**Student:** 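Once you've had a glance at the structure underneath, I'll fire off some questions.
Labels below follow one simple rule: chain letters A, B, ... track the order of the sequence lines, proteins then strands, and each chain is numbered from 1. Computed from a predicted structure; not experimentally measured.
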Number of protein chains: 2
Amino acid sequence: MAIEAPSRRRRIEDVASGLFRERGYAATSVRDIARALDVQGASLYAHVTSKEDVLWSIVDRAAARFEAAAGAAERATAADSATDRIAALVRAHVGVITSDPGEASVFVHEWRALGRERRARIADRRDAYERRFRDAIADGMASGEFALTDPAIAAAFLLTALNGLATWFRRDGRLTPDRIADHFVDLSVRTLAGAT
Amino acid sequence: MAIEAPSRRRRIEDVASGLFRERGYAATSVRDIARALDVQGASLYAHVTSKEDVLWSIVDRAAARFEAAAGAAERATAADSATDRIAALVRAHVGVITSDPGEASVFVHEWRALGRERRARIADRRDAYERRFRDAIADGMASGEFALTDPAIAAAFLLTALNGLATWFRRDGRLTPDRIADHFVDLSVRTLAGAT
DNA sequence: CCTACCGATCGGTAGG
DNA sequence: CCTACCGATCGGTAGG
């Protein structure tokens, strides 16, 4: 079975997320995106209704992928081990980033360019996502698995550390996505673990 | 002795770094900066030669502050404790961010908007700065203070975690800069520490 | 998917 | 620090 060709709309979004990652949304013009696809700027408007609409599609899909991966990670983990739960959440997060670093980077950095309403919706979803980490950290503190700390600070510390990967990851880099995930899981678990 | 009034040029840079932090460099117009200072857009050009020149001043000063703080932290720390050295580097880094989160945020996120030459110079300085962390991590691994890991990965992980503070820190937030520094030092040292 | 075009806004200059 | 203005570029539309 052949791999289905991505739709024109999807190819526009893929090219756009690469450019948005490199230069930022505001510094990327519609004509920059068109040039990368070898068409005229105005031609894109046969497929998209606005530049912000392209940004929204990328951000919304990235958010959905992070949510789905985290949900699956939590369902696959025993409820009684906060360490396992954090490890699974970290591995899922790293997987989403390395499978499409452009999309992930745009989600992390460019969602502020969205209009009021969409920005507010994404802020809520980001908060709900971060809550998974806060809750796992609080549970681990309660069970004695983790050192005592401020769960909100620790979750923000951890998540920004993970998100940094969206900036520096290169497919042709020194380490494979799996090896990077192993390192990130180790570092994350140690960040929280109590003295043994 | 009265506090010296900041120069007009400096006030422009301070307002600009706040706006660049909130919206990004590309999404902030010269007229946005002027409006925040209650003058006409063209009036700014009596004090600055270009928009990029303002960005450069902010980024260059931030870089110098990070470098000075890290240098002082290393000089004040015994050479034989990698743990103490990392703790001092982290505390210095957090101090630079909380003392001027706008400037720090622009340094972290907006340096890509600089022209080729300046961007390359900043990339070098960022690398030299990150090397302080890599070296301290490698020393701690060699002495047995730190768990075995990849120093480049661990340094990137740690520095992006620290830099996240530039995005979410608010002067009127729940925790004082000192308390945040305490948490960040604890989290950072645990991230690296070997099992006791 | 193209050519031709729109009004708005951009960074920046001239001249006072 | 202001008014007046510049050419270039922006996101987007009309009509084919």
**Student:** Go through residues 27-34 of chain B and report each residue with a non-hydrogen atom lying under 4.0 Å from DNA chain C, sorted by number.
**Tutor:** B:Thr28, B:Ser29, B:Val30, B:Arg31
**Student:** Tell me if a side-chain donor or acceptor on B:Ser17 pairs with a main-chain N or O of B:Asp14 at a distance below 3.5 Å.
**Tutor:** yes
**Student:** Nucleotide range of DNA chain C contacted by chain B, 5' to 3', under 4.0 Å to a heavy atom?
**Tutor:** C:dC10 to C:dT13
**Student:** For DNA chain D, determine which residues of residues 7-20 of chain B have any heavy atom closer than 4.0 angstrom to one of its atoms, and list them numerically.
**Tutor:** B:Arg8
**Student:** For B:Leu192 and B:Leu158, run side-chain contact (heavy atoms from CB on, under 4.5 Å): C-alpha distance rounded to whole Å, both residues' side-chain angles, the deciding distance at 0.1 Å, then the answer.
**Tutor:** CA-CA 9 Å; B:Leu192 301 170; B:Leu158 211 60; 4.1 Å; yes
**Student:** Run the side-chain contact (heavy atoms from CB on, under 4.5 Å) test against A:Glu145 and tell me which residues pass, sequence neighbours left out.
**Tutor:** A:Ser81, A:Ala82, A:Thr83, A:Ser143
**Student:** Going by ring pair (Phe, Tyr, Trp, His ring centres under 6.0 Å), name the residues that satisfy it together with A:Phe146, two or more places apart in sequence or in a different chain.
**Tutor:** none
**Student:** Ignoring hydrogens and geometry, is there a side-chain-to-backbone donor-acceptor pair from A:Arg85 to A:Arg132 under 3.5 Å?
**Tutor:** no
**Student:** May I ask you to decide if B:Val96's main-chain N or O and B:Ser99's side chain share a donor-acceptor pair within less than 3.5 Å?
**Tutor:** yes
**Student:** Is a side-chain donor or acceptor of B:Arg134 paired with a backbone partner of B:Pro151 at a separation under 3.5 angstrom?
**Tutor:** no
**Student:** Mind checking what makes side-chain contact (heavy atoms from CB on, under 4.5 Å) contact with B:Arg23, not counting sequence neighbours?
**Tutor:** B:Leu19, B:Ala27, B:Thr28, B:Asp32
**Student:** Check step by step if side-chain contact (heavy atoms from CB on, under 4.5 Å) holds for B:Leu165 and A:Phe157.
**Tutor:** CA-CA 8 Å; B:Leu165 183 62; A:Phe157 184 95; over 6 Å; no
**Student:** Just by distance, do the side chain of B:Ser43 and the backbone of B:Val39 share a donor-acceptor pair under 3.5 Å?
**Tutor:** no
**Student:** Of all the base pairs, Watson-Crick or G-U under 3.5 Å, which form stems of three or more consecutive pairs involving DNA chain D?
**Tutor:** C:1-16 with D:1-16
**Student:** How about A:Arg9 and A:Ser57: does a side-chain donor come under 3.5 Å of a side-chain acceptor?
**Tutor:** yes
**Student:** In residues 48-62 of chain A, which residues come under 4.0 Å of DNA chain C by heavy atom?
**Tutor:** none
**Student:** Taking the six-membered ring of B:Tyr25, is the NZ or CZ of B:Lys51 close enough (under 6.0 Å from the centre) and on axis enough (within 45°)?
**Tutor:** yes
**Student:** Side chains of B:Ser50 and B:Trp56, heavy atoms from C-beta outward: is any pair under 4.5 Å?
**Tutor:** no
**Student:** Please enumerate all residues that pass ring pair (Phe, Tyr, Trp, His ring centres under 6.0 Å) together with B:Tyr129, with sequence neighbours excluded.
**Tutor:** B:Phe66, B:His93, B:Phe133
**Student:** Keeping the roles fixed (side chain from A:Arg126, backbone from A:Phe107), state whether a donor-acceptor pair exists under 3.5 Å.
**Tutor:** yes
**Student:** Expected output is a numbered-order residue list: members of residues 38-46 of chain B with a heavy atom under 4.0 Å from any atom of DNA chain D. What is it?
**Tutor:** B:Val39, B:Gln40, B:Ala42, B:Ser43, B:Ala46
**Student:** Enumerate the residue pairs fulfilling salt bridge (charged side-chain N to carboxylate O under 4.0 Å, His left out) with a member in residues 54-63 of chain B, sequence neighbours excluded, ordered by first and then second residue.
**Tutor:** B:Glu13-B:Arg61, B:Asp60-B:Arg125, B:Arg61-B:Glu103
**Student:** What residues form a side-chain contact (heavy atoms from CB on, under 4.5 Å) with B:His183, not counting sequence neighbours?
**Tutor:** A:Thr149, A:Asp150, A:Ile153, B:Leu175, B:Arg179
